[in-house]
Amino acid sequence: MARALIFSDLHNDAKALEKLMDIEADYYFAAGDLVNWARGLEKMGELMKRRADKMYVLPGNHESTSDIEGLCARFGFVNFHEQTIQIGSTHVAGLGYSSPTPFRTPGEYSEEEIAARLAKFAGLKPLVLICHCPPLDTELDRIKEVCMRGSRSVREFIEAHQPEYFFCGHIHEAEGKVIQMGATRAQNVGKKGYLLDL
């Protein structure tokens, strides 16, 4: 059995990252927004480097693909954006960035771009899907009762392909929320993270 720690949205919170790095796991998946507006990546990378050979990193909406490529190159992490690995019989796939926000952050895709990038994961089963962005109109993307900031394309992929697990971040107000979407157990992990046994 392998253990995977999935976390997101630290936004320069070094103490929270230190606590996560103290957790023993076989794989560490950082699902985006390590920092704000790409500032402070070096400091966060230094804290993560003791787990470098097990560290898989996605860009959130606060980091660009080039930001994360550079971070991974400097510290020996794996750039997991649009990538897959196999852990035992389980496929794990990752997609960073969010759907468009009002803030014009560095890491945003249109819904069409998200759908096209997710499409290559469609035939993988069983699948653990890790995205920065949550599915639209669910408890995982709820900021307020009438304010949703998730992705329609992420939701459509989950509904159509039913990964075994789905993990995301992006919406801080939904941290820790767990829902069932058909056969898929879906969770907004936030900076507290979630330890998954595979």
Side-chain angles (χ1 to χ4, degrees), residues 4-11 13 16 29-38 56-65 67-68 80-84 91-122 124 126-194 196:
L5 180 64
I6 306 114
F7 57 92
S8 185
D9 294 88
L10 285 155
H11 291 282
D13 188 338
F29 292 94
D33 285 1
L34 285 167
V35 296
N36 295 315
W37 295 94
Y56 296 75
V57 187
L58 294 173
N61 60 297
H62 276 267
E63 301 108 3
S64 69
T65 53
D67 292 328
I68 295 306
F80 199 54
H81 185 47
E82 298 188 59
Q83 301 300 313
T84 63
H91 300 275
V92 183
L95 181 69
Y97 280 33
S98 75
S99 49
T101 76
F103 311 109
R104 298 183 180 178
T105 48
E108 299 181 15
Y109 284 144
S110 69
E111 289 291 355
E112 293 74 22
E113 288 173 312
I114 292 172
R117 285 165 167 79
L118 286 173
K120 65 181 173 182
F121 305 145
L124 301 176
L127 174 62
V128 174
L129 178 60
I130 304 170
C131 293
H132 182 66
C133 196
L136 183 65
D137 290 334
T138 67
E139 289 293 318
L140 306 186
D141 82 326
R142 189 181 301 273
I143 297 174
K144 295 182 242 180
E145 196 58 39
V146 293
C147 186
M148 309 295 193
R149 294 285 185 208
S151 165
R152 171 180 46 80
S153 298
V154 169
R155 178 171 180 158
E156 289 173 353
F157 182 92
I158 294 169
E159 290 175 341
H161 301 288
Q162 295 284 274
E164 188 173 354
Y165 293 96
F166 172 80
F167 298 102
C168 65
H170 190 47
I171 303 302
H172 306 172
E173 294 84 348
E175 179 179 2
K177 288 279 186 182
V178 181
I179 62 172
Q180 200 69 28
M181 299 178 68
T184 302
R185 181 195 183 278
Q187 179 171 350
N188 185 317
V189 290
K191 65 182 177 181
K192 291 181 181 175
Y194 180 77
L196 175 68

- Task: Please assess Y194 against V178 for the test side chain to side chain contact (heavy atoms under 4.5 Å, CB included), listing each intermediate value before the final yes or no.
- Result: CA-CA 11 Å; Y194 180 77; V178 181; over 6 Å; no

- Query: Excluding sequence neighbours, so at least two apart, what forms side chain to side chain donor-acceptor pair (under 3.5 Å) with H81?
  - Reply: Y109

- Query: Would you say P134 and V154 make side-chain contact, with heavy atoms under 4.5 Å?
  - Reply: no

- So do the side chains of T84 and H91 get within less than 4.5 Å of each other, counting heavy atoms only? no

- Point-to-point distance, once rounded to the nearest 0.5 Å, from CD of E173 to CD1 of I171: 6.5 Å

- Task: Would you check, one step at a time, whether the test side chain to side chain contact (heavy atoms under 4.5 Å, CB included) holds for I6 with V128?
- Result: CA-CA 11 Å; I6 306 114; V128 174; 5.5 Å; no

- Applied to residues 179-189, the side-chain hydrogen bond (donor to acceptor under 3.5 Å, both in side chains) test, sequence neighbours excluded, yields R185-Q187

- Task: Give the C-alpha distance, both sets of side-chain angles, the deciding distance and a yes or no for side chain to side chain contact (heavy atoms under 4.5 Å, CB included) between Y97 and T65.
- Result: CA-CA 9 Å; Y97 280 33; T65 53; 3.4 Å; yes

- Note on the structure: Residue set satisfying ring pair (Phe, Tyr, Trp, His ring centres under 6.0 Å) with F7, at least two apart, ordered chain then number -> none

- Of the non-hydrogen atoms in G96 and L58, which two are nearest, and what is the gap between them? N-CD2, 3.9 Å

- Distance col, row I114:CD1 vs L95:CG, nearest 0.5 angstrom, shows 7.0 Å

- Query: Parallel under 30°, tilted from 30 to 60°, perpendicular over 60°: which one fits the rings of F157 and H161?
  - Reply: tilted

- Query: Going through the checks in order, is the side chain to side chain contact (heavy atoms under 4.5 Å, CB included) test met by V57 and L34?
  - Reply: CA-CA 9 Å; V57 187; L34 285 167; 4.2 Å; yes

- Query: Would you say P59 and H132 make side-chain contact, with heavy atoms under 4.5 Å?
  - Reply: no

- Message: So, using salt bridge (Lys or Arg N to Asp or Glu O under 4.0 Å) as the criterion, who are the partners of R152 when residues are at least two apart?
- Response: E156

- Task: Applying side chain to side chain donor-acceptor pair (under 3.5 Å), name anything that partners K191, two or more places apart in sequence or on another chain.
- Result: D13

- Query: Side-chain contact, heavy-atom cut-off 4.5 Å: L136 with D141?
  - Reply: yes

- Task: Provide the closest heavy-atom pair for F121 versus L127 in the form atom of the first, atom of the second, distance.
- Result: O-CD2, 4.0 Å

- Query: Between H62 and D33, is any side-chain donor less than 3.5 angstrom from a side-chain acceptor?
  - Reply: no

- Task: Just jot down the side-chain contact (heavy atoms from CB on, under 4.5 Å) partners of P100, sequence neighbours excluded, or say none.
- Result: E108

- Heavy-atom count around K120 NZ within 6.0 Å, excluding the residue itself: above 12? yes

- Query: Atom CH2 of W37 and atom CG of D67: how far apart are they, to the nearest 0.5 Å?
  - Reply: 12.0 Å

- Over all heavy atoms of both residues, which pair between S8 and G32 is shortest? Give the atoms and the distance, please. OG-O, 3.4 Å

- Task: Output yes when a side-chain donor or acceptor of E63 lies under 3.5 Å from a complementary backbone atom of I68, and no otherwise.
- Result: no

- Message: Can you confirm whether H170 sits close enough to T101 that some side-chain heavy atom of one is under 4.5 Å from a side-chain heavy atom of the other?
- Response: yes

- Query: Between atom CD of E175 and atom CG of D9, what is the distance when rounded to the nearest 0.5 Å?
  - Reply: 8.0 Å

- Note on the structure: The single option from C133, C168, C131, S110 that satisfies side-chain contact (heavy atoms from CB on, under 4.5 Å) with S151 is C133

- Note on the structure: Taken to the nearest 0.5 Å, the spacing of E113 CD from S99 OG works out to 11.5 Å

- Message: Is the shortest side-chain heavy-atom distance between V92 and F29 below 4.5 Å?
- Response: yes

- Query: How many angstroms lie between CZ in F80 and CD1 in I130, if you round to the nearest 0.5 Å?
  - Reply: 6.0 Å

- Are any of the side-chain heavy atoms of H11 and H172 separated by less than 4.5 Å? yes

